Amino acid sequence: MWIAKDVASLREYRAKAHGRVALVPTMGALHDGHVSLIKRAHEIGHTVIVSLFVNPTQFAPHEDLEKYPRPFEADVKKCLDAGVDGLFAPTVDAMYPPEVVGCDVNVPELAQVLEGASRPTHFAGVCRVVAKLFNMVKPHAACFGMKDYQQLTILRAMVEDLAFDIQIEACPTIREDDGLAMSSRNVYLEGDQRQHALGLSKALKEAVQMVHTGESDPAIIQQVMKQVMQAHHVAVDYAVIRHAHTLRELDNIDISLSGSIVALVAGKVGNVRLIDNMVIKATP
Ligand code: PAF
């Protein structure tokens, strides 16, 4: 497995890559969720490249950029074990050369709601770094987890509007046995917080159940989701039902007519901000 820490070395390796190249963009601290993205990348590509980069432009000044876990050696080992062909782990200066004038990449209509309401600059940072990664790595396909549902929706919109010729592969959320969605931030959970964090997945399961048993009023479902989270000591940021493609609010749920819908939650357990979601389809 090659490891490139700057764009020139990446391009040298990339020029020798064979067949379809599948990229798995990550911020490191790899867990089984990332390993499942790598597995999917092997299925849809001949060469698998993982990027490891804790992207400063997607963190607000008060967020956890400094303390975000960076277990580089462990990440390299996980990539080796998963049969990754190449690792792109640029420095901040390699990714954002200080002498280069920066450019905005954004999908404002989708980026200001939900996560964007609490993190107004987050998705512009995500779009910018992913657009850069796409131009640097030149993959044929890229795998993203459905755990970050809004991110996936926004990146699909970016790829469509900016005409990147890249297949975006959505990979299912990987959960712990008790339902907690895997996340690099779960390492911050201490003591009882691990149990409290289950409030998110339990609220989502309740929403799925309510839709499948005929509840059609999003307000009623949202209220129940909130209650479940609060009962688990989660400080709720949002607990909503939205259209799965546009993320728009729904007046009424008619799952057979409107296609898929998605339930999305975010909240804080202590100081740890967690998100989760479940897509609700017509058939259970
Ligand atoms: O989902 C992530 O880990 C990050 O937002 C991404 C897509 C790697 C961009 O930094």
Side-chain angles (χ1 to χ4, degrees), residues 4 7 10 22-38 40-41 48-60 63-72 74-75 78-79 82 84 86-96 102-107 110-111 114-116 118-137 139 141-159 162 164 166-174 181-188 264 266 272-277:
V7 181
L10 165 72
L23 171 68
V24 181
T26 81
M27 296 209 301
L30 303 180
H31 49 67
D32 285 355
H34 296 111
V35 174
S36 78
L37 300 183
I38 295 170
R40 186 68 191 136
V48 173
I49 299 178
V50 170
S51 65
L52 280 186
F53 180 63
V54 182
N55 173 35
T57 65
Q58 69 190 75
F59 289 79
E63 291 181 346
D64 57 342
L65 173 64
E66 294 309 323
K67 79 168 200 192
Y68 197 87
R70 291 166 171 84
F72 185 70
D75 285 345
K78 284 206 173 94
C79 286
V84 168
L87 201 55
F88 178 44
T91 59
V92 173
D93 279 2
M95 203 62 180
Y96 297 109
C103 150
D104 269 353
V105 188
N106 203 0
V107 185
L110 292 167
L114 303 171
E115 282 304 283
S118 325
R119 309 181 73 193
T121 57
H122 173 67
F123 289 116
V126 171
C127 287
R128 185 170 168 207
V129 81
V130 172
K132 286 173 81 104
L133 286 168
F134 284 176
N135 284 330
M136 291 168 177
V137 177
C143 298
F144 294 93
M146 291 181 71
K147 156 84 171 31
D148 294 300
Y149 191 86
Q150 189 176 2
Q151 168 174 282
L152 175 67
T153 308
I154 287 172
L155 290 174
R156 280 190 194 287
M158 178 188 85
V159 162
L162 300 186
F164 282 105
I166 295 173
Q167 171 193 344
I168 299 298
E169 191 67 12
C171 303
T173 303
I174 304 297
M182 289 194 187
S183 160
S184 303
R185 289 193 167 96
N186 289 351
V187 295
Y188 299 150
L264 303 121
V272 188
R273 192 165 185 287
L274 298 172
I275 59 171
D276 198 356
N277 69 82

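Just so we're clear, the structure is a prediction, and the values are computed from it rather than from any experiment. First listed ligand is number 1; within each ligand, the first listed atom is number 1.
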Inset, instruction - Would you kindly say whether Y68 and N55 are connected by a side-chain donor-acceptor distance under 3.5 Å? - result: no
Inset, instruction - Kindly identify the option in M27, Q151, M95, K147 whose heavy atom sits closest to atom 5 (O) of ligand 1. - result: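 Result: the heavy atom closest to atom 5 (O) of ligand 1 is in Q151.
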Inset, instruction - Please say whether the positively charged group of K132, taken as NZ for Lys or CZ for Arg, lies over the ring of F53, i.e. under 6.0 angstrom from the six-membered ring centre and within 45 degrees of the axis. - result: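 Because its charged atom misses either the 6.0 Å distance or the 45° angle limit, K132 does not stack over F53.
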Legend entry - Gap between atom CG of L264 and atom CD of Q150 - 0.5 Å precision: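 The CD atom of Q150 sits 7.5 Å away from the CG atom of L264.
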Legend entry - Point-to-point distance, once rounded to the nearest 0.5 Å, from CG of L152 to SG of C171: 9.0 Å
Inset, instruction - Could you list the atoms of ligand 1 found under 4.0 angstrom from a heavy atom of V129? - result: 9 (C), 10 (O)
Inset, instruction - Check each atom of ligand 1 against the heavy atoms of Q58 and keep those under 4.0 Å away; list them by number with element. - result: 4 (C), 5 (O), 9 (C), 10 (O)
Legend entry - Test of proximity, N55 against ligand 1: N or O pairs below 3.5 Å: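 No - when backbone and side-chain N and O of N55 are compared with those of ligand 1, no distance drops under 3.5 Å.
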Legend entry - Reference residue M158; test side chain to side chain contact (heavy atoms under 4.5 Å, CB included); the match among I168, V130, N106: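 Testing M158 for a side chain to side chain contact (heavy atoms under 4.5 Å, CB included) against I168, V130, N106 leaves exactly one candidate, V130.
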Legend entry - Side chain, backbone, both or neither: the part of T26 lying under 4.0 Å from ligand 1 by heavy atom: backbone
